[in-house]
Peer 1: 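Mind having a look at this structure? Questions to follow.
Read the numbers this way: they start at 1 and go in the same order the structure lists the ligands and their atoms. Model, not experiment: these values are computed from the prediction.
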Amino acid sequence: MKQIIIALLSFILVILVRTSLATTKYILAKGGNYYDIVALGAKPDPNIDSSNALKVAWKSACGSLGRSTIFIPQGRFLVRNAIKFSGKGCQTSGITFIIKGTIAAPKDFRVLGNSKTWVLFEDAYDVTISGGVFDGEGAGLWDCKRFGKGSCPRGVTTLGFINSMNIIVNGVTSLNSQLFHMVFNGCKNVKVQGAKISASGDSPNTDGIHVQKSTGVTILNSHIATGDDCISIGPGATNLWIQEITCGPGHGISIGSLGKELNEAGVQNVTVKMTTFTNTQNGVRIKSWGRPSSGYVRNIVFQQLTMVHAQNPIIIDQNYCPSHKGCPNKVSGVRVSNVTYKDIRGSSATPIAVKLDCSSKYHCSGITMEDINLSHNNKPSSSSCTNSVGTTFGVVQPNGCL
Ligand SMILES: *[C@@H]1O[C@H](CO)[C@@H](O)[C@H](O)[C@H]1NC(C)=O
Ligand SMILES: *[C@@H]1O[C@H](CO)[C@@H](O)[C@H](O)[C@H]1NC(C)=O
Ligand SMILES: *[C@@H]1O[C@H](CO)[C@@H](O)[C@H](O)[C@H]1NC(C)=O
């Protein structure tokens, strides 16, 4: 009997030592600065606001030397008001969020109302967000916008990065944003991969990922289904790489709208590869206002794309002018040049699969079309092109544009 008890006690001892060793190793591996938001007062309860614990975690991580980890365990954590993680004055060499649970917006959309961005990173550097779900609870606002006759707030972007650098967003899910899901503005060196973004196909302005005034942004291996553009690219986006995206429902991948302003930064060096568009309004689109502007679009590659019943698989629209106001003669100042469409296949939901409607003042130039085969109802599709100049290689169906 005595021996059994001793054996049992030593067994328990071994387990205890092992567990604490493992924990120590884990903490050491994370650099020693480890902040679990539950230990800081957060509650996995959809009715209790956990904002404060997140703020405390960020403040501590920001002020710590070395790398820090902020841990958000399983459960649904309410973040009731807009929260800003500012990197100004931080000591840290990097902060990683490990998220197992869900960060939830309040069900009442008026609480966040006009806050612009719900979860905002500003002047942040070396930030990684790994895993987790951001639930924007946007459905109420969409309904308000559909039926509310103008009395609805504008809504918030779910996750925003402003003036930030060396950002990784890995395996993050964003659901039902009120407005855009993710925005990168003024950022440098960003990698988004394995994102799952979804909002209803008829939800207003729920763009998946919006990039502007940013350079070195890579978006890989993500599923995006929304009511607006899967990815939208605004003025000043350069060196952008987009690969292995499934898009749909949604409005496709869009460079623009550009040229709304007279003085505007250009878009340069954008690649979209190995991407599938299913039941989308557009495939790849370049869109500019029909008004004077210093903007431009150049060095763009659209390659290895599959269209499944996309309404406008390939489109350049330089006559954008909603409600027909402020577009004198509808002439766009945005110069579009060096755009390559290569290896694009599948089906168009409309008879015109390729539509290039370019500025009459600055014709689209250096357009290359190579190995394109787009059908409509199992028959060849057609094209419609104005003011566009370029070269065709290989089999291009529909042809006749360049
Ligand atoms: C274009 O962008 C890619 C990243 O997407 C970058 O690797 C490459 O160097 C850029 N090219 C130029 C000429 O800047
Ligand atoms: C056209 O764009 C491609 C892709 O960005 C680039 O490699 C090439 O140098 C550009 N050509 C010219 C003439 O600018
Ligand atoms: C284009 O694709 C259709 C089927 O989608 C196929 O029947 C046709 O042969 C293809 N045309 C060329 C020239 O490859």
Peer 1: Would you confirm whether any non-hydrogen atom of the protein falls under 4.0 Å from atom 2 (O) of ligand 3?
Peer 2: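 At least one protein heavy atom is under 4.0 Å away.
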Peer 1: Salt bridge check: are D317 and K287 linked by an N-O gap of less than 4.0 Å?
Peer 2: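 Between K287 and D317 there is no salt bridge, as every charged N stays at least 4.0 Å from the carboxylate O atoms.
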Peer 1: Decide whether a cation-pi geometry holds between R335 and Y362; the criteria are a distance under 6.0 Å from NZ or CZ to the six-membered ring centre and an angle within 45° of the ring axis.
Peer 2: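 Because its charged atom sits under 6.0 Å from the ring centre and within 45° of the axis, R335 does stack over Y362.
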Peer 1: Closer than 4.0 Å to some heavy atom of N338 - which atoms of ligand 2 meet that?
Peer 2: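 Checking each atom against N338, I get 1 (C), 2 (O), 3 (C), 8 (C), 10 (C), 11 (N), 12 (C), 14 (O).
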Peer 1: Quick check: S375 and ligand 3, any N/O pair under 3.5 Å apart?
Peer 2: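 In this structure, S375 places no N or O atom under 3.5 Å from an N or O of ligand 3.
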Peer 1: Which heavy atom of the protein is the closest neighbour of atom 12 (C) of ligand 3, given with residue, atom name and distance?
Peer 2: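 Of every protein heavy atom, N373 ND2, 3.3 Å lies nearest to atom 12 (C) of ligand 3.
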Peer 1: What residue and heavy atom of the protein are closest to atom 11 (N) of ligand 1, and at what distance?
Peer 2: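 Result for atom 11 (N) of ligand 1: N269 ND2, 2.8 Å.
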Peer 1: Salt-bridge test for D357 and K355: reply yes if a basic N is under 4.0 Å from a carboxylate O, no otherwise.
Peer 2: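 No, no charged N to carboxylate O under 4.0 Å.
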Peer 1: Identify whether the distance between the nearest side-chain nitrogen and carboxylate oxygen of D45 and R76 falls below 4.0 Å.
Peer 2: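 Not counted as a salt bridge, because no side-chain N and carboxylate O are separated by less than 4.0 Å.
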Peer 1: Could you check whether the rings of F85 and F121 sit parallel, tilted or perpendicular, using 30° and 60° as the cut-offs?
Peer 2: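 Ring orientation of F85 relative to F121: tilted.
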Peer 1: Quiz question for you: does at least one protein heavy atom lie closer than 4.0 Å to atom 9 (O) of ligand 2?
Peer 2: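 Within 4.0 Å of atom 9 (O) of ligand 2, no protein heavy atoms are found.
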Peer 1: Should we count CZ of R154 as having more than 12 external heavy atoms under 6.0 Å?
Peer 2: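 12 or below, so no.
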Peer 1: Nearest to atom 4 (C) of ligand 2, what protein heavy atom do you find, and at what distance?
Peer 2: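 Ranking protein heavy atoms by distance from atom 4 (C) of ligand 2, first comes V301 CG2, 3.8 Å.
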Peer 1: With heavy-atom distances below 4.0 Å as the criterion, list the atoms of ligand 3 near V395.
Peer 2: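 Listed by number with element: 13 (C).
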Peer 1: At what distance, to the nearest 0.5 angstrom, does OG of S232 lie from NE2 of H251?
Peer 2: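 Going from OG on S232 over to NE2 on H251, the span is 11.5 Å.
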Peer 1: Would a 4.0 Å cut-off, counted as strictly less than, catch a protein heavy atom around atom 14 (O) of ligand 3?
Peer 2: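 Yes, there is one.
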